[in-house]
Amino acid sequence: MPMVTHPEFLPDLPNWSRKTFFALALAAICFAFAFPVLWLILTSLRPESGVYYVHRGTEFTLGNFKEVLGQERIIEAFINSAVISTLATVFSLLVTVSSGYMLSRFTGPATRMWFGTIYIFRCVPYISWVLPLYFVVQAWGIYDTYVGLLLPHIAVHICFFSWLMKGFFDGIDPSMEYAAMIDGCSRWGAFIRVAIPSALPAISALAVLCWLFTWNEFLFALILTGNRVPVITVVMAQFVTEMGLHWNLMAATAVMALLPAFLIALFGQKYVIRGLRI
Amino acid sequence: MFGEQQRFVLLLIAPAALLLLLFQVVPIVIGANASFRDWALYNPKKTWIGFDHYVAVISDPAFLYVVLPNTFLFMVLSVAGALVAGLALALLLNRPFRGQKLVQTILLVPLMVAPVVAAIMIRWIFNDQFGIVNVVLEAIGLEGQPWLVQRWSAFGIILLTDIWLWTPWFTLLLLAGLQSLPKEPFEAAAIDGTTTWRVFRFLTLPMLRPVIVVCVVIRAIDAFRTFDIVWTLTGGGPGRSTELFSLYAYVLAFLNLDLGRGSAAAIVGGLIILVLGVVMYRLVDRIAKA
């Protein structure tokens, strides 16, 4: 079997200079991508007096982290965000895996209607339902509660994730499910024991993305929660709006909020790339 | 009443449909109702006024000549920019080199940051007095710019921020697509000594086309309704020159406290993107079948 050579770019240059060029270009790209976050980390390490001249001065301190961790509201916000992100991920997947399966395996008027509905609601701008959503959540007495934030978060992912899940199931041969059903498995059995296990890479990819989206979501959290359920993105934004300009504290909180997202992305990227084949 | 299969089908979508009904359909109906009424705070009766709000929105010069062109320009440039950058990075990551894992992780950084925090940070980086960009410019003898208070530089920064935020998303989907392509055509091309460009142009690109088209449609719809980064970076300013359509509706509803007209604007925008979305979806279908 012939070796597949990776076609080289700039083939006229000698090998070492091409390598150096490649490395430099890579470093530049990485720097550009990471810069806002590097700057955030640097800001989080400067004392209050240093934030206006982050690039100058040599005092560095962990005091910001200590101050932030001492605030009960922030700890609470971290816990709330983690719980809501995790629950939203679990329930979003429960709901959308089955709806995507339906879109992929069945044809007929019901499927066409459901797909049309999903497509239309995918297009609706957030703005046109977030404000009335506030009234709805108020009217049902779930404003500023876990449930009141959780349910809209699940609802917002339905259209997109059903669409993606349909694509994943389209790529899986249904004959295994038919075989299971001939052997006496019910439709539910075929779905749960055969189809879901073979879609696991895709499901774990969506789980990673869903968790990250919910953890970083701002607009819902801003409008649907008040003082009882502080959420991390809202608390961070308040550091530089309502409570004055505490850039250092905002940065310290943001860096801590980045950590779980970073870990999830670090260990989850493998699954995301393996799973996201549409 | 229903056969066994219909029951199964309905049960599969029932939870999703219920949630969709309660948390999207109901609010949208409330919004649509408001768009036909004088829903301002000083009018407790909420008088029915028919299409007046719609007429007002469609004949508002700011909406027609600033907001809509901005939104379309933003949509096209943002999607094109993120697609090109994402494709380039996916091609890069698809070949093995030392440190590939590390580079891949770094390129995913924008996915990990909350967009609102990223926008706050970028506003700070481009601050005209204390921002690092101006400090560097002045250090090398150039003049600092008030980036966020000039129309086109502000628009450019919003655009760059959006591209930065969404490139990893394209990279992930396209990399997944690249890795699932069959190996044989590439091996055949390698044996024939085909140049890199021709491999890309005549093999990679056509085979990736379905993935690219789906990415573009999804992203275009999202780009059309961008809100948070514009709100945080410029708030639509200077003046109203960087206002996008979501901001226009938000300002009407939340700042002018005219929920009726805000809803009407949101519905007008929703209809535009819906038509656009259907056209794009047809296109996807045709391309996927070809």
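In what follows, chains carry the letters A, B, and so on, assigned in the order in which the sequence lines appear, proteins first and then strands, with residues in each chain numbered from 1.
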Best-contacting candidate, A:Pro260, A:Ala254, A:Pro152, against chain B by heavy atom pairs under 4.5 angstrom: A:Pro152
Taking the six-membered ring for Trp, are B:Trp166 and A:Phe213 parallel (under 30°), tilted (30 to 60°) or perpendicular (over 60°)? tilted
Among A:Ile120, A:Thr117, A:Ile154, A:Leu212, residue most engaged with chain B (heavy-atom pairs, under 4.5 Å): A:Ile120
Taking every heavy-atom pair that is under 4.5 Å apart, which of B:Ala266, B:Ala17, B:Ala114 has the most such pairs with chain A? B:Ala114
Part of A:Leu40 lying under 4.5 Å from any heavy atom of chain B: both
Could you look at B:Val217 and say if it's the side chain, the backbone, both or neither that has a heavy atom under 4.5 Å from chain A? side chain
With chain B as the partner, which of A:Tyr134, A:Phe218, A:Trp114 has the greatest number of non-hydrogen pairs under 4.5 Å? A:Trp114
Mind listing the closest non-hydrogen atom pair of B:Ile125 and A:Pro36 along with its distance? CD1-CA, 4.0 Å
Top residue by heavy-atom pair count (under 4.5 Å) with chain B, among A:Leu266, A:Val136, A:Leu209? A:Val136
In terms of heavy-atom proximity below 4.5 Å to chain B, should A:Phe106 be classed as side chain, backbone, both, or neither? side chain
If you tally heavy-atom pairs under 4.5 Å against chain B, which of A:Phe33, A:Tyr101, A:Phe35 wins? A:Phe33
Taken to the nearest 0.5 Å, the spacing of B:Arg7 CZ from A:Arg187 CZ works out to 10.5 Å
Can you establish whether the number of heavy atoms outside A:Met181 located under 6.0 Å from its atom CE is more than 12? yes
With a 4.5 angstrom heavy-atom cut-off, is it the side chain or the backbone of B:Pro15 that approaches chain A, or both, or neither? both
Taking every heavy-atom pair that is under 4.5 Å apart, which of B:Val117, B:Val29, B:Thr105 has the most such pairs with chain A? B:Thr105
Between B:Val113 and A:Leu258, is there a side-chain heavy-atom distance shorter than 4.5 Å? yes
Taking every heavy-atom pair that is under 4.5 Å apart, which of B:Phe224, B:Trp197, B:Trp169 has the most such pairs with chain A? B:Trp169
Tell me which of these, B:Leu172, B:Asn127, B:Val116, B:Asp228, has more heavy-atom pairs under 4.5 Å with chain A than the rest. B:Val116
Do B:Phe23 and A:Trp140 have ring centroids that are under 6.0 Å from one another? yes
Toward chain B, the part of A:Leu263 with a non-hydrogen atom under 4.5 Å: neither
For residues A:Trp188 and B:Leu12, determine if any side-chain heavy atom of one lies less than 4.5 Å from a side-chain heavy atom of the other. yes
Between A:Ala32 and chain B, with a heavy-atom cut-off of 4.5 Å, which part of the residue counts as in contact: side chain, backbone, both or neither? backbone
Structural part of B:Ala16 lying under 4.5 Å from a heavy atom of chain A: both
Heavy-atom contact with chain A under 4.5 Å, split by part of B:Phe227: side chain
Quick check on A:Phe91 against chain B: is it the side chain, the backbone, both or neither that has a heavy atom closer than 4.5 Å? neither
Heavy-atom pairs under 4.5 Å with chain A - which of B:Thr232, B:Leu102, B:Val25, B:Leu18 has more of them than the others? B:Val25
Where do A:Ala237 and B:Ile120 come nearest, in terms of heavy atoms and distance? CA-CD1, 4.2 Å
Engaged part of A:Leu26 at the chain B interface, taking heavy atoms whose separation is under 4.5 Å: side chain
Just wondering, do A:Tyr119 and B:Ile221 contact through their side chains at under 4.5 Å, heavy atoms? yes
Taking every heavy atom of A:Ile158 against every heavy atom of B:Leu20, the minimum-distance pair comes out as CD1-N, 4.0 Å
CZ/A:Phe135: more than 12 non-hydrogen atoms of other groups inside 6.0 Å: yes
Would you mind checking which part of A:Trp163 comes under 4.5 Å of any heavy atom in chain B, side chain (CB onward), backbone (N, CA, C, O), both or neither? side chain
Contact between B:Met121 and A:Met250 at the side-chain level, heavy atoms closer than 4.5 Å - yes or no? yes
Taking B:Val26, B:Leu271, B:Leu22, B:Ile122 one by one, which has the highest count of heavy-atom pairs under 4.5 Å against chain A? B:Leu22
Do B:Ile28 and A:Phe121 have side chains that get closer than 4.5 Å, going by heavy atoms? yes
Which heavy atom of B:Val103 sits nearest to which heavy atom of A:Cys30, and what is that distance? CG1-SG, 3.9 Å
For B:Leu89, is it the side chain, the backbone, both, or neither that has a heavy atom closer than 4.5 Å to a heavy atom of chain A? side chain
Taking every non-hydrogen pair under 4.5 Å, which of A:Phe191, A:Phe160, A:Trp215 racks up the most with chain B? A:Phe160
Minimum heavy-atom distance between A:Gln269 and B:Leu108, given as atom pair plus value: CB-CD1, 3.7 Å
